[in-house]
Amino acid sequence: MIGAWMLAAMAVGKPGPAPRFEAVTELSAPASSVPDTLVFVRDKYRRMTVPVTLAGKGPYRFLVDTGSDRSAISRELAAALLLPPGPRARLHSATGESGVGLAVMSGLKLSRTAIERIDAPLLDAADIGADGILGIDALRAEHLSFDFVKRTVSIATAERGPEVDDRDAIVVRARRRDGRLVITDAAAEDRHLSVVVDTGSQYSIGNDALRRALEQRGALDLRGPIELVSVTGAILRGELAVIRDLRLGGSTIRGLAIVFADAHTFRQLGLDRRPAMLLGMSGLESFDRVSIDFANRKLRLVVSNDAPPIPD
């Protein structure tokens, strides 16, 4: 399963290119600076879902997806809650571009963070693997700390700063592109590349430029063809491989399972011509803890001594 998608407005029946879609989002900060800790649940693709409420109802399971610029809701849940429809929009997923309907999602609450309104794309629950998706629009003011040992996620405002119990963490600075954090201090087999942290994807995905660069070094262990399913239900075909080492700042992931595929996301982010990767759960599980500070554009990585299992 793969996430990573973007939205653009779609004026139905009118010619010409559509302008950039901007969801109407009002964010209210938690009353306390003390982080709230939630237990996350793994879906069958090893991604993380957390409980949220909508207009006081729930809880519902929403996928935490740092690779998606917008939050979404399943058609089934939107119908059950009788959510009013929004305008149409174009959705850019890993497999391409498609038209989607929107629903006005009001009163979404994650821990102590409340989001008054989001015009959320409608997707099938079977394709999402959850009741909805929490994208960058819901997370951009937050400091998220994922503890893969305790299976928890801590949420705090970015102003709170680094966690006191992560003094041994490796800090990696990132740039922001379309809301996502892009790590540029990264290398695979000593080949420089850009890395986007994507918690909505089971696998890490590399572009064709990265594959060519690593093949020239004889640094790929190819495992055969594979098919991935996007949040729209479309199929992305690629080839599963293993990279011996991926360096992120001062940390190294060894034996990283990666799928090389022509993902539309790379073109959308302008990362298709140089080596780049969407770092999914298959790589993030290499660490005991991962903290993502969107506002300050930093990642904190607490290294595990155990390499992650290569997904089947």
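Position 1 is the first residue of the sequence, and the numbers go up from there.
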Report task. Report yes or no: does Thr95 contribute a side-chain atom to a donor-acceptor pair with the main-chain N or O of Leu236 at less than 3.5 Å? Result -> no

Query raised in the report: Looking at CD1 of Ile253 and CG of Leu301, how far apart are the two atoms once the value is rounded to the nearest 0.5 Å?
Result: 8.0 Å

**Report entry** Spacing of Thr232 atom OG1 and His92 atom NE2 [to the nearest 0.5 Å]
**Finding:** 12.5 Å

Query - Non-hydrogen atoms of Thr66 and Phe294 that approach each other most closely - result: CG2-CZ, 3.8 Å

Query - Phe287 and Ser251, any side-chain heavy atoms less than 4.5 Å apart - result: yes

**Report entry** Distance-minimising heavy-atom pair for Thr49 and Ala130
**Finding:** CG2-CB, 4.1 Å

Requested in this report: Report, as yes or no, whether the 6.0 Å neighbourhood of atom CZ on Arg175 holds more than 12 heavy atoms from other residues, nucleotides or ligands.
Outcome: no

Report summary line: Nearest heavy-atom contact between Phe62 and Ile73 is CZ-CG1, 4.4 Å

Query raised in the report: Can you tell if the side chain of Val196 reaches within under 4.5 Å of the side chain of Leu181, non-hydrogen atoms only?
Result: no

**Report entry** Spacing of OG belonging to Ser68 relative to CD1 belonging to Ile136, to within rounding of 0.5 Å
**Finding:** 8.0 Å

**Report entry** More than 12 heavy atoms of other groups within 6.0 Å of Arg173 CZ
**Finding:** no

Requested in this report: Given side-chain contact (heavy atoms from CB on, under 4.5 Å), test Arg177 with Leu271 step by step and report yes or no.
Outcome: CA-CA 10 Å; Arg177 183 171 296 191; Leu271 297 174; 3.2 Å; yes

Query - Spacing of Phe260 atom CZ and Leu220 atom CG [to the nearest 0.5 Å] - result: 4.5 Å

Query raised in the report: Checking side-chain contact (heavy atoms from CB on, under 4.5 Å) for the pair Asp65/Asp198: CA distance, chi angles, key distance, verdict?
Result: CA-CA 6 Å; Asp65 190 352; Asp198 185 2; 3.0 Å; yes

Query raised in the report: Who are the side-chain contact (heavy atoms from CB on, under 4.5 Å) partners of Val171, not counting sequence neighbours?
Result: Lys298, Arg300

Query raised in the report: Side chains of Ile170 and Leu248: does their closest heavy-atom pair fall under 4.5 Å?
Result: no

Requested in this report: For residues His143 and Ser291, determine if any side-chain heavy atom of one lies less than 4.5 Å from a side-chain heavy atom of the other.
Outcome: yes

Query raised in the report: Can Val104 be reached from Val100 by stepping across I, L, V, M, F, W or Y side chains whose heavy atoms are under 4.5 Å apart?
Result: no

Report task. Could you pull out the closest heavy-atom pair between Tyr203 and Leu228, with the gap in Å? Result -> CD1-CD2, 3.6 Å

**Report entry** Distance, nearest 0.5 Å, that separates CG of Leu279 from CG of Leu299
**Finding:** 9.0 Å

Query - Leu123 vs Ile133, side-chain contact (heavy atoms from CB on, under 4.5 Å): CA-CA, chis, key distance, verdict - result: CA-CA 10 Å; Leu123 303 172; Ile133 294 173; 4.3 Å; yes

Query raised in the report: Heavy-atom distance under 4.5 Å between the side chains of Asp262 and Arg267, does that happen here?
Result: yes

Query raised in the report: Does any pair with a residue in residues 234-250 pass salt bridge (Lys or Arg N to Asp or Glu O under 4.0 Å), and if so which ones, sequence neighbours excluded?
Result: Asp185-Arg247, Glu189-Arg244, Arg211-Glu239, Glu227-Arg237

Report task. Applying side chain to side chain contact (heavy atoms under 4.5 Å, CB included) between Lys109 and each of Ile115, Leu54, Thr53, report the one that passes. Result -> Thr53

Report task. Please test Leu81 against Tyr60 for side-chain contact (heavy atoms from CB on, under 4.5 Å), starting from the C-alpha separation and ending with a verdict. Result -> CA-CA 12 Å; Leu81 296 177; Tyr60 307 107; 3.4 Å; yes

Query raised in the report: What's the shortest heavy-atom distance between Thr184 and His192, and which atoms?
Result: O-CE1, 2.5 Å

Report task. Evaluate the side-chain proximity of Phe146 to Val153: yes if any heavy-atom separation is below 4.5 Å, no if none is. Result -> yes

Report task. Measure across Ser282 and Ser204 and return the closest heavy-atom pair with its distance rounded to 0.1 Å. Result -> OG-N, 3.2 Å

Query raised in the report: With a 4.5 Å limit on heavy-atom distance, are the side chains of Leu269 and Arg180 in contact?
Result: yes

Query - Lys/Arg-Asp/Glu bridge criterion (N-O < 4.0 Å) met for Asp131, Arg61 - result: no

Query raised in the report: Any chance the side chains of Ser71 and Asp137 put a donor and an acceptor closer than 3.5 Å?
Result: yes

**Report entry** Heavy-atom check, side chain of Leu193 versus side chain of Asn207, under 4.5 Å
**Finding:** no

Report summary line: Separation between CD1 (Ile118) and CZ (Arg70), nearest 0.5 Å, reads 8.5 Å

Query - Summary of salt bridge (Lys or Arg N to Asp or Glu O under 4.0 Å) pairs that have at least one residue in residues 96-108, sequence neighbours excluded - result: Arg90-Glu97

